There are 2 protein chains.
Amino acid sequence: MHKTLGTFAKYLKAQKLKFTKERGAVLQEMFLHRGHLEAEDLLYSLRRKKKGASRATVYRTLELLMDSGIVRKVDLGHGHSHYELVLDHPHHEHMVCVNCGKVLEFSDKKIEMALKRLCKKSRFEHTSHHFQVFGYCDKCRRTKTQEE
Amino acid sequence: MHKTLGTFAKYLKAQKLKFTKERGAVLQEMFLHRGHLEAEDLLYSLRRKKKGASRATVYRTLELLMDSGIVRKVDLGHGHSHYELVLDHPHHEHMVCVNCGKVLEFSDKKIEMALKRLCKKSRFEHTSHHFQVFGYCDKCRRTKTQEE
DNA sequence: CCTGTAATTGAGATTGAATCTCAATCTCGA
DNA sequence: TCGAGATTGAGATTCAATCTCAATTACAGG
Ligand SMILES: [Mn+2]
Ligand SMILES: [Mn+2]
Ligand SMILES: [Zn+2]
Ligand SMILES: [Zn+2]
């Protein structure tokens with residue numbers, strides 16, 4: 001946390017922005033929960049602790065955290081965004097259980113290589129990508145099989 | 001178109017649903033434009049031709065077309081859905097130019113195989129996936145390079 | 001060709017995520 | 001300590017998508 005806090009402070013200073021208790025609280029809350037968080041989760045979590053930050057401020061702070069490379073936006077196919085800490089957590093993709101919502105993370109050199117090759121072939125300059133896999137996690141798969 | 005029209009008619013009959021001029025018009029419009037369409041595009045396109053169908057009906061018809069396997073929903077990372085005809089157009093992924101919006105389609109056996117292997121390893125039962133690649137198409141890449 | 005009934009439609013209300021507005025408040029460097 | 005300029009929050013707004021429900025329509029059976 002402390003290293004990241006420093007990163008954020010430095011980023012804010014460089015942009016002539018201010019470090020406020022609301023911004024600090026949002027970052028702290030991201031650390032507290034880890035995982036893949038919705039903005040709304042952060043909002044209510046903060047409210048419960050009386051460390052309120054308005055909805056607008058939560059979204060604005062997430063934007064800043066993304067700009068400073070501390071947080072990334074994740075698309076889990078729910079029709080709204082989730083956010084996760086970058087930390088030393090390198091680029092990866094997500095498998096989402098359509099039954100219980102569980103999220104598995106994965107990354108694969110072969111896929112990355114194949115994608116690179118395909119982009120070259122199409123003369124497409126790749127800057128980023130999202131890869132969401134949907135299905136049933138181990139637990140839900142077993143339950144489902146028994147019911148049939 | 002005619003084969004697909006038959007598929008749709010058959011599907012509707014099997015579900016005890018009715019074939020209406022609005023539903024016919026939406027399907028016809030999908031054929032007219034091909035490509036990756038937004039619901040809103042369909043809506044205005046139909047209005048211009050006085051073949052009106054309300055917003056609600058357009059969305060409801062797209063739902064039926066998906067259920068009958070004629071159309072699939074596409075996520076191009078725009079925060080709202082696009083739709084495309086399935087036809088004999090097999091499963092594929094999309095590259096989206098962040099500058100001009102151009103969409104390139106691709107599919108890759110190696111990626112499919114790697115994904116299959118990863119799911120097996122995680123005991124995850126794969127049912128579907130979305131893969132969006134963002135970057136610059138050939139044309140925009142050239143323009144961008146010259147400007148720098 | 002009729003008719004009755006169940007499905008369909010459309011105008012407009014509603015939802016939910018995300019963004020915007022702007023007056024009041026706060027931060028931080030000098 | 002002070003003031004310029006950044007920030008905040010309540011509530012309005014946007015936009016895609018869905019819902020509501022009274023009026024309309026399709027179509028199976030006669
Ligand atoms: Mn993740
Ligand atoms: Mn496509
Ligand atoms: Zn599960
Ligand atoms: Zn382009």
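Just so we're on the same page: letters track the sequence lines, and every chain starts at 1. This is a predicted model, so every value here is computed, not measured.
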Chemist: With 3.5 Å as the limit, what N/O pairs link the protein to nucleotides 16-19 of chain C?
Modeler:
unit_1, atom_1, unit_2, atom_2, d
C/dA18, OP1, A/Ser81, N, 2.8
C/dA18, OP1, A/Ser81, OG, 3.3
C/dA18, OP2, A/Tyr59, OH, 2.7

Chemist: Send over the distance from B/Leu46 CG to C/dG10 P, rounded to a whole Å.
Modeler: 10 Å

Chemist: May I ask you to verify if any side-chain N or O of B/Ser54 is less than 4.0 angstrom from the OP1 or OP2 atom of C/dA11?
Modeler: no

Chemist: Does B/Arg23 use its side chain to pair, donor to acceptor, with the backbone of B/Leu12 at less than 3.5 Å?
Modeler: no

Chemist: Could you tell me if B/His94 and A/His129 have a donor-acceptor pair between their side chains, going purely by distance under 3.5 Å?
Modeler: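 Their side chains do not contain a donor-acceptor pair, so the 3.5 Å distance test is not met.
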
Chemist: I need the CZ-P distance between B/Arg60 and D/dA16, as an integer number of Å.
Modeler: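 Rounding to the nearest Å, CZ of B/Arg60 and P of D/dA16 are 18 Å apart.
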
Chemist: Quick one: what's the B/S/- string for nucleotides 25-30 of chain D, heavy-atom cutoff under 4.0 Å, read 5' to 3'?
Modeler: -BS---

Chemist: Give the angle between the helix axes at the two ends of the helix from C/dC1-D/dG30 to C/dA30-D/dT1, taking five base pairs at each end and rounding to 10°.
Modeler: 30°

Chemist: Rounded to the nearest angstrom, tell me the gap between atom CG in B/Leu43 and atom C1' in D/dT18.
Modeler: 14 Å

Chemist: Identify the two heavy atoms, one from A/Ser54 and one from A/Leu43, that lie closest to each other, and give their separation to 0.1 Å.
Modeler: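 So the two residues come closest at C-CD1, 3.8 Å.
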
Chemist: Rounded to the nearest Å, what distance is computed from the NZ atom of residue A/Lys16 to the P atom of nucleotide C/dG29?
Modeler: 10 Å

Chemist: Give a yes-or-no answer on whether the side chains of A/Glu93 and A/His91 include a donor-acceptor pair shorter than 3.5 Å.
Modeler: yes

Chemist: Is the backbone of B/Leu64 close enough, under 3.5 Å, to the side chain of B/Ser68 for a donor and an acceptor to pair up by distance?
Modeler: yes

Chemist: Decide ring-ring contact (aromatic ring centres under 6.0 Å, His included) for A/His130 and B/Phe134; before the verdict, give the C-alpha distance in whole Å, the side-chain angles of both, and the deciding distance to 0.1 Å.
Modeler: CA-CA 8 Å; A/His130 290 313; B/Phe134 303 102; 5.7 Å; yes

Chemist: Is a salt bridge present between B/Arg55 and B/Glu40, judged by a nitrogen-to-oxygen distance below 4.0 Å?
Modeler: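 The answer is yes: the pair qualifies as a salt bridge.
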
Chemist: Looking at B/Lys49 and B/Glu29, is there a salt bridge between them, counting it only when a charged N and a carboxylate O are closer than 4.0 Å?
Modeler: yes

Chemist: Within the 4.0 Å heavy-atom criterion, would you say A/Arg23 contacts the bases, only the backbone, or no part of the nucleic acid?
Modeler: sugar-phosphate

Chemist: So how far is it from B/Gln132 CD to A/Gln132 CD, rounded to the nearest 0.5 Å?
Modeler: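 So the gap between those two atoms works out to 4.5 Å.
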
Chemist: Looking at A/Ala53, is its backbone amide N or carbonyl O close enough to the side chain of A/Thr57 to form a donor-acceptor pair, meaning the two atoms are under 3.5 Å apart?
Modeler: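 Judged by distance alone, no pair lies under 3.5 Å.
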
Chemist: Less than 4.5 Å apart, side chain to side chain, heavy atoms only: is that true for B/Glu125 and B/Cys119?
Modeler: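 Side-chain contact under 4.5 Å: no.
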
